[in-house]
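This report refers to the structure that appears directly beneath it.
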Amino acid sequence: MKIYLNGKIIACVGDITLEDVDAIVNAANSSLLGGGGVDGAIHRVGGIKILEECKKIRQTVYPDGLPTGQAVVTTGGNLKAKYVIHTVGPIWYGGKKNEDQLLANAYLNSIKEAENLGVKKIAFPAISTGVYGFPKDRAARIVSNVLREYFKGEHKVELIKLVFFNEEDYDIFIKNAEF
Ligand code: AR6
């Protein structure tokens with residue numbers, strides 16, 4: 001575990017579905033109807049209620065799916081976390097399709113949703129760095145810069161945990177983060 005910015009950021013190894021924070025972020029896809037990776041795990045542990053709420057979001061605000069970089073909220077179902085913030089990270093196409101900015105947007109819009117909920121402690125998985133193929137070292141630089149800037153300004157969220165699924169991903173983050 002590594003602590004940054006006076007305890008405002010914690011990077012650690014773990015399973016995000018077990019995190020005891022106010023809200024966990026899901027690396028979803030634009031369908032919001034589930035998938036593999038961390039998305040599959042969150043729906044599996046959180047239960048059917050989350051999927052039902054996602055379906056409702058699709059029927060109302062986002063009939064064409066959640067655009068990349070945006071975020072929406074459901075309750076946490078059976079998870080310890082009270083809420084799940086679902087965001088869609090960019091698919092990596094080589095870096096010329098605005099992937100960096102879209103990844104930053106996914107983090108920032110998720111934080112915005114947390115602020116709207118009035119919650120203080122949230123946890124993120126390493127969005128886009130699995131199936132979506134975003135380079136992990138590059139993601140570490142982008143995410144650390146986005147979060148550093150967030151905490152520099154006026155901020156309502158007090159703790160952001162970055163939960164890596166294995167030691168290797170955690171190490172890549174630690175080596176490349178620019179706090
Ligand atoms: N806790 C924490 N991190 C996890 C967990 C977990 N339980 N399970 C996996 N990870 P991915 P993406 C890590 O592929 O790249 C889904 O099918 C994993 O090791 O879950 O944004 C969605 O439905 C990796 O580091 O998300 C989308 O279709 C990170 O979470 C698509 O994948 C993200 O990997 C999204 O792809």
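In each ligand, atom 1 is the first atom listed, and ligand 1 is the first ligand listed.
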Which of the ligand 1 atoms, numbered from 1, are nearer than 4.0 Å to a heavy atom of [X]:
{"X": "G35", "value": "17 (O), 23 (O)"}
{"X": "G14", "value": "1 (N), 2 (C)"}
{"X": "D169", "value": "25 (O)"}
{"X": "A27", "value": "21 (O), 22 (C), 26 (O), 35 (C)"}

Can you check whether [X] reaches [Y] side chain to side chain, under 4.5 Å on heavy atoms?
{"X": "H86", "Y": "I50", "answer": "yes"}
{"X": "K82", "Y": "D22", "answer": "no"}
{"X": "P125", "Y": "I127", "answer": "yes"}

Which residue supplies the protein heavy atom nearest to [atom], what is that atom called, and how far is it?
{"atom": "atom 7 (N) of ligand 1", "value": "D15 OD1, 2.9 Å"}
{"atom": "atom 14 (O) of ligand 1", "value": "V131 N, 2.8 Å"}
{"atom": "atom 29 (C) of ligand 1", "value": "A126 O, 3.3 Å"}
{"atom": "atom 25 (O) of ligand 1", "value": "T129 OG1, 3.3 Å"}
{"atom": "atom 17 (O) of ligand 1", "value": "G36 N, 2.7 Å"}
{"atom": "atom 31 (C) of ligand 1", "value": "Y132 CE1, 3.5 Å"}
{"atom": "atom 15 (O) of ligand 1", "value": "G130 N, 2.8 Å"}
{"atom": "atom 19 (O) of ligand 1", "value": "F165 CB, 3.6 Å"}

For atom 27 (C) of ligand 1, tell me which residue out of N166, I91, N29 has the closest non-hydrogen atom.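 Residue with the shortest heavy-atom distance to the ligand atom: N29.
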Nearest non-hydrogen contact with atom 22 (C) of ligand 1 belongs to which option: D39, I16, T17, L18?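 Heavy atom nearest to atom 22 (C) of ligand 1 belongs to D39.
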Does atom CG of N6 have more than 12 heavy-atom neighbours from other groups under 6.0 Å away? no
side-chain contact (heavy atoms from CB on, under 4.5 Å) with Q70: of V72, L66, T68, only one passes, and it is L66
On a heavy-atom basis, the closest approach of V73 and I57 is O-CD1, 3.7 Å
Are E149 and N145 linked by a side-chain donor-acceptor pair shorter than 3.5 Å?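 N145 and E149 do not have a side-chain donor-acceptor pair below 3.5 Å.
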Is the shortest N/O to N/O distance between V38 and ligand 1 below 3.5 Å? yes
Side chain [X], main chain [Y], donor-acceptor under 3.5 Å:
{"X": "N29", "Y": "G34", "result": "yes"}
{"X": "R148", "Y": "E178", "result": "yes"}
{"X": "Y170", "Y": "M1", "result": "yes"}

